[in-house]
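Every chain is numbered from 1 and lettered A, B, ... according to where its sequence line falls, protein lines coming before strand lines. The structure presented is a predicted model; accordingly, all values stated were derived computationally and were not measured.
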Protein chains: 2
Amino acid sequence: MTDERLDAAAREDSATKGEMTRARLRRAATNVFARNGYHATKVSDIVAAAGVTQPTFYIYCESKEAAYEALVAAFRDNLRQITLTNLIDPAIPQAELETRVAQSFHRFLDFMAQDRALTEIGFFQPPGCSQTKALMVDWVAANIAQEQAGGVFRADIPAAHIARMLVGLLDQMGRMNTDAAGRGELARHCARLFCGGVGMRTG
Amino acid sequence: MTDERLDAAAREDSATKGEMTRARLRRAATNVFARNGYHATKVSDIVAAAGVTQPTFYIYCESKEAAYEALVAAFRDNLRQITLTNLIDPAIPQAELETRVAQSFHRFLDFMAQDRALTEIGFFQPPGCSQTKALMVDWVAANIAQEQAGGVFRADIPAAHIARMLVGLLDQMGRMNTDAAGRGELARHCARLFCGGVGMRTG
DNA sequence: CGATAATATTACTCGTCAGTAATATGTTTC
DNA sequence: GAAACATATTACTGACGAGTAATATTATCG
């Protein structure tokens, strides 16, 4: 690839025909993988959805597997970014905790909804999802441990377990297909249970 | 199939050669489907694991898909049984709530661990898992609504959401491969968060 | 033993699917 | 306008995998 092409790719404007095709293939692959999962999608489905022929696919992708891995990796990078910038401040006044946690859930849900198909690939469906969730548990657990050390979260549940449970909540909530307002409500409900539990607090 | 054969299948003892083969195929199918998922498992893998040849598979199973569906259905039936007999009594003293919820989680985790491979098929991996979880959410939500009506659970989170979150917790916890003691601990941690949340209860 | 049913095997078919060689069609640059 | 490059296509291959027909082996019982 020559310098001019790299420039064209870097500048968002004036996409070359090739970049257009690449983008359409990527979108098509994302949608088809999301709908059918890795094993059940055929390259022929992807190229049909993209409106190109099969060899064209292999101009832009080394293999079906490489195309899939690239999508998983892209989602993973985005999720890591979101997770690390989405951590609860270790020094939150207890009173604000639930609100802050709700905001955090809300950002996660928005992120997932923003490209639902990619989320399906990277977070919901195997084989990509398992490693993604394992990584996320680690990222989150580190933060939870800090909260516990700071006295914000109770310390009688191991951070790793809380992190797993949080990911479990997010997994189930993320699968609900709601609009922006619905996501706000979901996030508040998550935060309510996550912070205060289901009990009536009468004891 | 003659009456004698049905009798032999009903009585657990004196399994005929055919019933032995059926059982070995079922075990093999369970393990291979669990390891590789539906689409990535080949009938040839199953029969190799079972130590029989391919046509033998088709003596006992109508198709690869039918074999898979039968396993999913079997898990689903068991799960339904466990779920319906595992509900929290609507009139629990608040003080005992967490203990009772922990017992409930414990029974679920034991059930999942008891045949881990079947659980993988019916609960963890698509395509079987999605319908299973949807059903379980319904079963659980009905009970949660009762708890809310009885004043045991807080009512400011919709029962359906609580049910989904509970399934999310169970999903993540069930994936951890722990021994019986570990499951007891996990169950207590789940119950602790589910009933009381992560907050320090200082407010 | 010899007949009958049950159980399993060898040796295939037919379709599908990932991936490719050879070739054609635009598109920039001089 | 021709050389050089980028982009896409037609027409394949080779392997694999679900499912089967015909046949062999093993147990059961009169």
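Between A:His189 and B:His161, the ring planes lie tilted relative to each other; the angle falls in the 30° to 60° range.
A:Lys133 contributes no side-chain N or O that, together with a main-chain N or O of A:Val167, makes up a donor-acceptor pair within less than 3.5 Å. With A:Arg175 contributing its side chain and A:Phe124 its backbone, the two residues share a donor-acceptor pair below 3.5 Å. Judged by distance alone, the side chain of B:Thr119 and the main-chain N or O of B:Asp115 form a donor-acceptor pair under 3.5 Å.
Between A:Glu185 and A:Arg188 there is no salt bridge, since no side-chain N of the basic residue sits under 4.0 Å from a carboxylate O of the acidic one.
The distance from the CZ atom of A:Phe194 to the CE atom of A:Met165 is 8.5 Å, given to the nearest 0.5 Å.
Remark: A:Tyr60 is in phosphate contact with D:dA8, judged by side-chain N or O atoms under 4.0 Å from OP1 or OP2. Listed pair B:Thr21 / C:dT7 fails the phosphate criterion, with no side-chain N or O lying under 4.0 Å from OP1 or OP2.
Within a 6.0 Å sphere centred on CZ of A:Arg183, heavy atoms belonging to other residues, nucleotides or ligands number more than 12.
For the segment residues 68-75 of chain B, no residue has any heavy atom less than 4.0 angstrom from an atom of DNA chain D.
Among residues at least two apart or in separate chains, there is no side-chain hydrogen bond (donor to acceptor under 3.5 Å, both in side chains) pair with a member in residues 36-47 of chain A.
Centroid-to-centroid, the aromatic rings of A:Phe75 and A:Phe111 come within less than 6.0 Å.
Atom pair A:Met20:CE and C:dG26:C1' shows a separation of 16 Å (rounding to whole Å applied). As a whole-Å value, the separation of B:Leu25 CG from C:dA8 C1' is 11 Å. Atom CD1 of B:Ile46 is separated from atom P of D:dG17 by 12 Å (rounded to the nearest Å). If you measure from atom CD of A:Glu19 to atom C1' of D:dT7, you get 12 Å, rounded to the nearest angstrom. Atoms OH (B:Tyr38) and P (D:dA18) sit 9 Å apart, rounded to a whole Å. When the P atom of D:dC16 is taken as reference, atom NZ of B:Lys64 falls 16 Å away, rounded to whole Å. In this structure, the CZ atom of A:Phe57 is 8 Å from the P atom of C:dG19, given to the nearest Å. For the pair A:Tyr58 OH and C:dC17 P, the computed distance is 12 Å after rounding to whole Å.
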Review item, nucleotides 9-12 of chain D N/O atoms under 3.5 Å of protein N/O:
from  : atom 1 : to      : atom 2 : distance (Å)
D:dT9 : OP2    : A:Thr53 : N      : 3.2
D:dT9 : OP2    : A:Thr53 : OG1    : 2.7
D:dT9 : OP2    : A:Thr56 : OG1    : 2.9

